[in-house]
Protein chains: 2
Amino acid sequence: MGDEISLAISTVIFALRPDPDGGSPTLWIPLVRRIREPFLGRWALPGGPLLADESLSGAAARNLKTTTGLEPRYLEQLYAFGEPDRSPGARVVSIVYWALVHAGEADRVAEGDNVRWFIADEVPDLAFDHSTIVEYALWRLRTKMEHSRIAHALLGDTFTLAQLREVHEAVLRTKLDPANFRRQIEASGSVVATDQVLTGGRHRPPRLYRYNDAVSLVDSSPLDDAASSPSLS
Amino acid sequence: MGDEISLAISTVIFALRPDPDGGSPTLWIPLVRRIREPFLGRWALPGGPLLADESLSGAAARNLKTTTGLEPRYLEQLYAFGEPDRSPGARVVSIVYWALVHAGEADRVAEGDNVRWFIADEVPDLAFDHSTIVEYALWRLRTKMEHSRIAHALLGDTFTLAQLREVHEAVLRTKLDPANFRRQIEASGSVVATDQVLTGGRHRPPRLYRYNDAVSLVDSSPLDDAASSPSLS
DNA sequence: GCAAAAGTGTTCTCAGTACACCCATGT
DNA sequence: ACATGGGTGTACTGAGAACACTTTTGC
């Protein structure tokens with residue numbers, strides 16, 4: 001059989017969590033510590049092998065669950081990385097997925113010595129080429145956010161338009177005009193108003209909204225099933 | 001080691017060739033005939049194994065060259081396909097690339113019993129899940145053509161704006177307003193006028209244009225090197 | 001009442017579209 | 001001359017950006 005080429009599945013997971021400096025919410029990703037060589041002790045993307053009877057996205061979801069406990073709301077293939085020298089002493093091709101989890105789900109991660117959240121734009125030097133992969137995943141997330149409705153995957157079931165706007169602002173790192181943002185979202189039909197409002201702030205209570213399931217989260221492609229929610233249990 | 005999962009690299013190649021019904025140019029793709037089981041005799045995408053010391057895109061380029069003789073001007077990763085049942089009796093994960101070749105290059109394919117060009121929208125039932133893959137590649141090409149400059153990769157070194165417009169029309173299957181198309185292309189700065197014109201038509205001779213190398217073909221991503229021309233010998 | 005954020009209205013600009021019209025060549 | 005596509009001018013439309021303004025709550 002000659003040289004062995006092995007296959008691995010990894011995932012970049014994004015969640016929106018409060019900024020430590022008390023600012024607006026920020027993008028975070030969970031990383032796991034390597035517990036064997038190479039790169040023993042370095043932080044890396046969660047991942048693992050592909051089993052014989054599971055699909056690629058199935059392997060991504062299973063590895064995510066076992067390493068971090070997360071079951072993402074959105075899961076999509078990112079890219080296959082396979083440079084010959086990306087793993088010292090072995091030839092590994094990694095098929096990388098990226099995922100979005102909402103704030104409530106993110107808190108289920110049991111942080112410890114070997115699992116920790118990092119601010120997405122401030123990850124340390126990672127094992128293998130994982131720093132490059134995170135950078136690329138960030139680029140894809142930001143690009144896709146600009147002309148898609150995936151922002152909802154980072155929120156809970158109901159939310160105010162200000163919260164939805166904060167998601168966009170955190171991901172795109174810009175300020176958005178509240179008035180124009182409202183009109184664009186309403187025109188897209190991707191949300192529906194509930195009859196509830198959110199009280200408690202010291203100002204006029206904003207209306208709560210809900211996803212409109214009739215509108216798909218992404219610009220549909222022929223591979224829709226691979227790009228949709230893997231488990232909505 | 002348990003069940004063996006093998007890895008293959010395949011490529012969907014697009015070229016613009018004259019329509020057999022004498023109409024405007026059309027999108028074609030070359031396919032190769034399977035010479036072993038499974039799917040013996042069926043048409044399939046050109047592809048092959050990944051060797052130990054080559055990159056993924058390198059493997060795609062090499063397989064392309066040996067099976068069809070083509071050296072594409074544009075080569076980009078499409079998607080990794082890995083459903084457990086996509087290859088009967090084996091577990092194969094295929095990392096699929098897509099490529100664009102210009103008309104002159106396309107003629108270098110030695111057609112025969114085992115290699116033939118097909119109109120991209122009229123391929124027969126292919127081996128494995130390759131029909132799905134072709135459909136997805138077509139979707140990606142059309143989507144990318146809408147907000148990118150990759151059309152140039154399907155043409156020769158110099159071309160008229162009408163020829164460039166025909167590329168867009170063939171790919172997107174629409175008619176475009178010549179006046180507006182001209183202005184958009186000129187505004188994008190992706191082409192530069194030469195001092196030559198193309199005589200021979202029974203009308204005013206159109207000016208010839210050339211690519212503007214200063215403008216990248218695609219919306220640049222952090223993985224630019226993987227998305228750019230693999231060999232421009 | 002006042003601060004603060006929710007929510008509405010209005011104007012401006014720019015890209016895309018439609019289409020009328022002139023230009024230069026072969027026959 | 002005239003047919004044919006090359007090439008220019010111009011008006012219309014819709015989406016987004018900027019920003020003034022009104023509304024409704026907590027304090």
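Just so we're on the same page: letters track the sequence lines, and every chain starts at 1.
Within the structure, ring-ring contact (aromatic ring centres under 6.0 Å, His included) contacts touching residues 161-194 of chain A (residues at least two apart or in different chains) are A:His168-A:Phe181. Residue pairs meeting the salt bridge (charged side-chain N to carboxylate O under 4.0 Å, His left out) criterion with at least one partner in residues 150-161 of chain B, sequence neighbours excluded, are B:Arg73-B:Asp157.
Residues satisfying the ring-ring contact (aromatic ring centres under 6.0 Å, His included) test with A:Phe159, not counting sequence neighbours, are A:His152, A:Tyr211. Listed by chain and number, the residues in a side chain to side chain contact (heavy atoms under 4.5 Å, CB included) with B:Pro18 amount to none (sequence neighbours excluded). For the side chain to side chain contact (heavy atoms under 4.5 Å, CB included) test, residues two or more places apart in sequence or in another chain that qualify with B:Arg182 are B:Leu161, B:Glu186, B:Tyr209. Applying the side chain to side chain contact (heavy atoms under 4.5 Å, CB included) criterion to B:Gln196, with sequence neighbours excluded, gives B:Thr194, B:Leu208.
Across residues 187-198 of chain A, not one residue has a non-hydrogen atom less than 4.0 Å from an atom of DNA chain C. Non-hydrogen atoms lying under 4.0 Å from DNA chain C are contributed by nothing in residues 160-173 of chain B.
In this structure, OH of A:Tyr209 is placed 11 Å from P of C:dA6, rounded to the nearest angstrom. Here the C1' atom of nucleotide D:dG16 and the CZ atom of A:Phe181 are 14 Å apart, to the nearest Å. In this structure, the CD atom of B:Glu186 is 15 Å from the P atom of C:dA15, given to the nearest Å. Atom P of nucleotide D:dG14 and atom CD of A:Gln184 are separated by 17 Å, given to the nearest angstrom. The CZ-P distance, from B:Arg182 to C:dC23, rounds to 15 Å in whole Å. Atom CG of B:Leu176 and atom P of C:dA18 are 10 Å apart (whole Å).
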Result block: side-chain N/O donor-acceptor pairs under 3.5 angstrom for residues 128-137 of chain B, not counting sequence neighbours:
from	atom 1	to	atom 2	distance (Å)
B:Asp129	OD1	B:Arg86	NE	3.4
B:Asp129	OD1	B:Arg86	NH2	3.0
B:Asp129	OD2	B:Arg86	NE	2.8
B:His130	ND1	B:Leu45	N	3.1
B:Ser131	OG	B:Leu126	N	3.0
B:Tyr136	OH	B:Arg140	NH1	3.4

Side-chain donor-acceptor contacts of residues 24-31 of chain A below 3.5 Å, not counting sequence neighbours, with atom names and distances?
from	atom 1	to	atom 2	distance (Å)
A:Thr26	OG1	A:Asp19	OD2	3.1
A:Thr26	OG1	A:Ser24	O	3.3
A:Trp28	NE1	A:Arg17	O	3.3

Heavy-atom protein contacts under 4.0 Å, nucleotides 18-27 of chain D, coded B base, S sugar-phosphate only, - none: BB---BBBS-
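A:Thr11 is not listed as a side-chain neighbour of A:Asn63, based on a closest heavy-atom distance of 4.5 Å or more. Taking the side chain as every heavy atom from C-beta outward, A:Ile150 and A:Tyr74 approach each other to under 4.5 Å.
Here the CG-OH distance, from B:Leu75 to B:Tyr97, works out to 7.0 Å after rounding to the nearest 0.5 Å. Once rounded to the nearest 0.5 Å, the distance linking CD of A:Glu146 with NZ of A:Lys144 reads 13.0 Å.
Comparing the axis of the opening five pairs of the helix from C:dG1-D:dC27 to C:dT27-D:dA1 with that of the closing five pairs yields an angle of 10°, rounded to 10°.
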Check against side chain to side chain contact (heavy atoms under 4.5 Å, CB included), B:Leu70 and B:Glu105: CA-CA 7 Å; B:Leu70 289 170; B:Glu105 178 79 9; 3.7 Å; yes
